[in-house]
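Have a look at the structure below before the remarks.
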Amino acid sequence: MREKLVWKQDYSVHVPALDAQHKTLMMINKLSEEECDHALVSWAFEELAVYVKEHFSEEEKRLEKAGYADLAAHKKEHRAFEQWLSAVRQTYAIGVTTPVLLSESVHAFLRDWLVNHILGSDMRYRDLLAEDV
Ligand code: FEO
């Protein structure tokens, strides 16, 4: 059984709307090795597509409005996530992987994204956008 992603208060960027969107990534825990099937993979892809559409757009709008200096670099990381999602969906669609193998690679990617992007890049704007401290 792979390690679950668990939300911690330390992960908060102190913008409730953005935290709520970040928490949706914990949904990957539903893709456990035993239960993962085509229906769950399809569901996860849809959830990730919504995340990409809603979260990146809202975060970028807030950063732009606040005059965030590193916005271009931040957007680049978001575009890389979008490209990854598109590539992994295509790989799955052509049938070269199974739901279990697919879920393992998605889980690994999202764990790295949590550590490197949410806890790294996103944290760098926290002081600029914080609204609940
Ligand atoms: Fe919360 Fe930059 O993604």
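Atoms within each ligand, like the ligands themselves, are counted from 1 in listed order.
Of all N, O or S atoms in E59, the one lying closest to atom 2 (Fe) of ligand 1 is OE1.
Considering only heavy atoms from C-beta on, L48 comes within 4.5 Å of L110 through its side chain. Using a 4.5 Å cut-off on side-chain heavy atoms (C-beta onward), L71 and Y125 make no contact.
Vertex atom 2 (Fe) of ligand 1; arms to H117 atom NE2 and H78 atom NE2; angle 90° (nearest 10°). At atom 2 (Fe) of ligand 1, the vertex angle linking OD1 of D122 with NE2 of H74 is 70° (nearest 10 degrees).
The only option from V15, D122, V13 that meets the side-chain contact (heavy atoms from CB on, under 4.5 Å) definition with E59 turns out to be D122.
Defined by atom type and a distance below 3.5 Å, a donor-acceptor pair is missing between the side-chain atoms of D112 and H117.
Not one N/O/S atom of E77, from backbone or side chain, sits under 2.8 Å from atom 2 (Fe) of ligand 1.
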